[in-house]
Participant: 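Next up is a structure, given as structure tokens.
Counting starts at 1 for both ligands and their atoms, following the listed order. In this text the structure is predicted, and so the values were computed from the model without any measurement.
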Amino acid sequence: MATWADASGEDATVMALAHLLQWSGGSRPASAVGYIYQEEGGSMHRWVVQSHGGVQNFVAAHPEAFVLEPMKPGERCPTIRLRNAWEQSSAPVCHYFRAGRCNKGMGCKFSHAGLTPTMCQAFDNLRMESLRSQVEYYLSDDNLANDAFFQAMIRGSSGGWIPITAFLGCPRMKQLGASASEIVAALRWSTQLQLREWPEGAEEVRRKAPLPEQQAKRAPAPTKEESLEERPLTLLKDCSDGWQAVVEDLQRRSFCFHKHRTASETTLEEEFSLLLASTQWETLRSKAGAVTRSTAWYVVPGCCCRYTYGEASVQPREKPEWLYSIEARILGHMCGLCKDDWPNSVNMNLYEDESQNVGWHSDDEGLFRGCQVDCRIISASWGATRRFEIALKDRGHISGKPSIFHDTLQGITLESGDVCSMEGAFQRHYSHQLAKGAAGAEAAQRPASEGIHYGNARINLTWRYIAIGQERQSQALLS
Ligand SMILES: O=C(O)CCC(=O)C(=O)O
Ligand SMILES: [Fe+2]
């Protein structure tokens with residue numbers, strides 16, 4: 001089997017760059033090419049690239065392997081893209097070759113594209129290696145410690161088998177443009193995973209090693225916050241009745257309450273339609289381009305704070321008049337707040353179906369000072385029933401990424417008309433997410449007459465207090 005490591009000189013540099021691009025999902029800014037100089041044989045790669053007069057000339061000299069994408073506005077350096085072998089020739093592509101099974105070599109009348117057969121084979125091997133190690137990663141101990149989706153799938157299937165198609169929706173697999181048959185081909189080389197290739201079209205894979213013990217790591221004892229006696233806090237349950245406690249963590253001064261719907265179905269349907277039609281929704285997308293949800297950000301007159309989620313930044317709009325009746329019902333009637341104490345901003349989310357969601361996060365943006373002062377967030381739901389999950393943050397997780405203590409995870413089934421709150425220092429200690437997928441069995445078992453006809457869409461409004469320069473607001477919360 002030819003691999004990139006077998007190539008020498010110019011070919012070795014082509015393969016090293018191809019390897020780098022393949023691992024980055026197919027393309028990278030030209031400046032990132034410097035990484036190949038740090039690899040084994042790095043000085044040889046540097047020499048080869050420099051003998052062409054630089055990276056761009058080197059890439060231009062290898063159109064069989066790379067495309068130099070024109071710079072887009074805002075980019076400071078061109079992007080190099082790995083050319084798909086089948087892009088290069090007008091001759092029909094040899095699918096046997098693409099699947100690594102063509103034994104006709106140069107004599108094949110179908111295209112093996114412009115690369116030499118050895119290079120082509122090495123390119124294909126590279127791709128197979130990326131796909132195989134990506135699936136191995138999904139099913140590794142490290143990933144499963146955080147990945148509830150694959151954990152549940154393994155535990156829920158007899159023998160721990162997972163359909164190959166389950167990987168197609170993973171962002172990295174989408175980015176690599178993987179097909180189910182390619183994943184099957186790639187997994188034939190796996191030493192960690194077992195592949196079951198029958199029946200054709202319903203192939204499955206499973207771990208060879210048993211699942212690790214369920215997350216042994218437990219949440220540590222709380223860092224003590226000021227008690228409610230030391231620093232009083234008005235909770236929503238003190239302002240109106242009917243709240244059920246989900247989290248009442250006095251030591252962490254963290255609270256989450258849930259109130260079941262109090263409005264009629266007609267009111268909820270009218271409000272849903274009004275919100276859907278009148279809100280100026282902005283679509284948020286994942287890096288791979290899939291819509292994750294739509295959002296809107298409304299503030300009181302005179303405020304110009306933008307709201308930033310990860311890399312997206314949303315323009316503030318002045319709260320429209322049509323919102324007043326909804327605010328009066330939720331904030332005034334359901335929460336028992338007088339108008340002066342209503343939050344000064346509201347963030348809206350539209351999830352068109354169960355695939356759209358918000359992953360684990362806390363509403364800790366500087367704007368709300370959620371990690372510094374007591375912070376009250378009021379969240380209301382319309383439309384499809386979804387599962388809202390909360391858990392204690394694990395700041396010291398080995399992955400170095402934001403994580404949670406799985407043994408503290410709790411779910412709330414949010415139905416149309418429900419309201420929930422996060423209060424006090426909740427954003428400092430807890431994370432939350434709106435989980436993908438349909439809500440729990442309780443929701444599915446509701447009698448049909450109770451169902452509301454929104455399709456699968458859900459709208460959520462979260463009211464927040466912008467705390468920057470708003471002494472009065474913080475005071476209102478602390479008093
Ligand atoms: O849709 C939800 O219930 C949660 C939304 C949320 O967490 C957010 O917008 O920060
Ligand atoms: Fe949130």
Participant: Quick test of your reading of the model: are Arg458 and Glu354 salt-bridged, counting only N-O distances below 4.0 Å?
Facilitator: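 No salt bridge links Arg458 with Glu354.
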Participant: Using the rule side chain to side chain contact (heavy atoms under 4.5 Å, CB included), only one of Ile390, Ile377, Asp249 pairs with Phe426; which is it?
Facilitator: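 That would be Ile390.
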Participant: Checking the N or O distance criterion of under 3.5 Å, is ligand 1 in contact with Asn347?
Facilitator: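 Yes; the residue has a nitrogen or oxygen that sits under 3.5 Å from a nitrogen or oxygen of the ligand.
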Participant: Give me each pair satisfying ring-ring contact (aromatic ring centres under 6.0 Å, His included) with a member in residues 258-280, each pair once, sequence neighbours excluded.
Facilitator: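 Applying ring-ring contact (aromatic ring centres under 6.0 Å, His included) to every pair that reaches into residues 258-280, excluding sequence neighbours, yields His258-His260, Phe272-Tyr454.
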Participant: Establish, for the pair Arg386 and Tyr351, whether the NZ or CZ atom is under 6.0 angstrom from the six-membered ring centre and no further than 45 degrees off its axis.
Facilitator: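 So Arg386 does make the cation-pi contact.
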Participant: Can you sort out which atoms of ligand 1 are near His432, meaning under 4.0 Å from one of its heavy atoms?
Facilitator: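 Taking each heavy atom of His432 in turn, ligand 1 has 7 (O) under 4.0 Å.
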Participant: Taking side-chain contact (heavy atoms from CB on, under 4.5 Å) as the test, write out the residues that go with Ser345, two or more places apart.
Facilitator: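 Checked Ser345 against side-chain contact (heavy atoms from CB on, under 4.5 Å); matches are Trp297, Val299, Phe368, Arg464, Ile466.
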Participant: Any atoms of ligand 1 less than 4.0 Å from a non-hydrogen atom of Asp363? List them with their elements.
Facilitator: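 Those qualifying, in numeric order: 10 (O).
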Participant: Short list, please: which atoms of ligand 1 are under 4.0 Å from a heavy atom of Arg464?
Facilitator: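 This gives 8 (C), 9 (O), 10 (O) as the contact atoms.
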Participant: Going by the closest heavy atom to atom 6 (C) of ligand 1, which one wins out of Arg293, Met348, His361?
Facilitator: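 The nearest heavy atom belongs to His361.
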Participant: Relative to each other, are the rings of Phe150 and Tyr138 parallel, tilted or perpendicular (30° and 60° limits)?
Facilitator: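 Phe150 vs Tyr138 ring planes: tilted.
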Participant: If you draw a 6.0 Å radius around NZ in Lys339, do more than 12 non-hydrogen atoms from other residues or ligands fall strictly inside?
Facilitator: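 Result for NZ/Lys339: open.
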Participant: For ligand 1, find out whether one of its N or O atoms is nearer than 3.5 Å to an N or O atom of Asn349.
Facilitator: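 Yes; the residue has a nitrogen or oxygen that sits under 3.5 Å from a nitrogen or oxygen of the ligand.
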Participant: Please list, in number order, the atoms of ligand 1 under 4.0 Å from a heavy atom of Arg458.
Facilitator: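 Counting atoms of ligand 1 from 1, those under 4.0 Å from Arg458 are 1 (O), 2 (C), 3 (O).
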Participant: What's the OD1-the Fe ion (ligand 2)-NE2 angle here (Asp363, His432), rounded to 10 degrees?
Facilitator: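 Computed angle, vertex at the Fe ion (ligand 2), rounded to 10 degrees: 100°.
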Participant: Go through ligand 1 atom by atom and flag the ones less than 4.0 Å from a non-hydrogen atom of Tyr351.
Facilitator: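 Under 4.0 Å from Tyr351, ligand 1 has these atoms: 1 (O), 2 (C), 4 (C), 5 (C).
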Participant: With the Fe ion (ligand 2) as the reference point, give the N/O/S atom of His361 that is nearest.
Facilitator: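 The atom in question is NE2.
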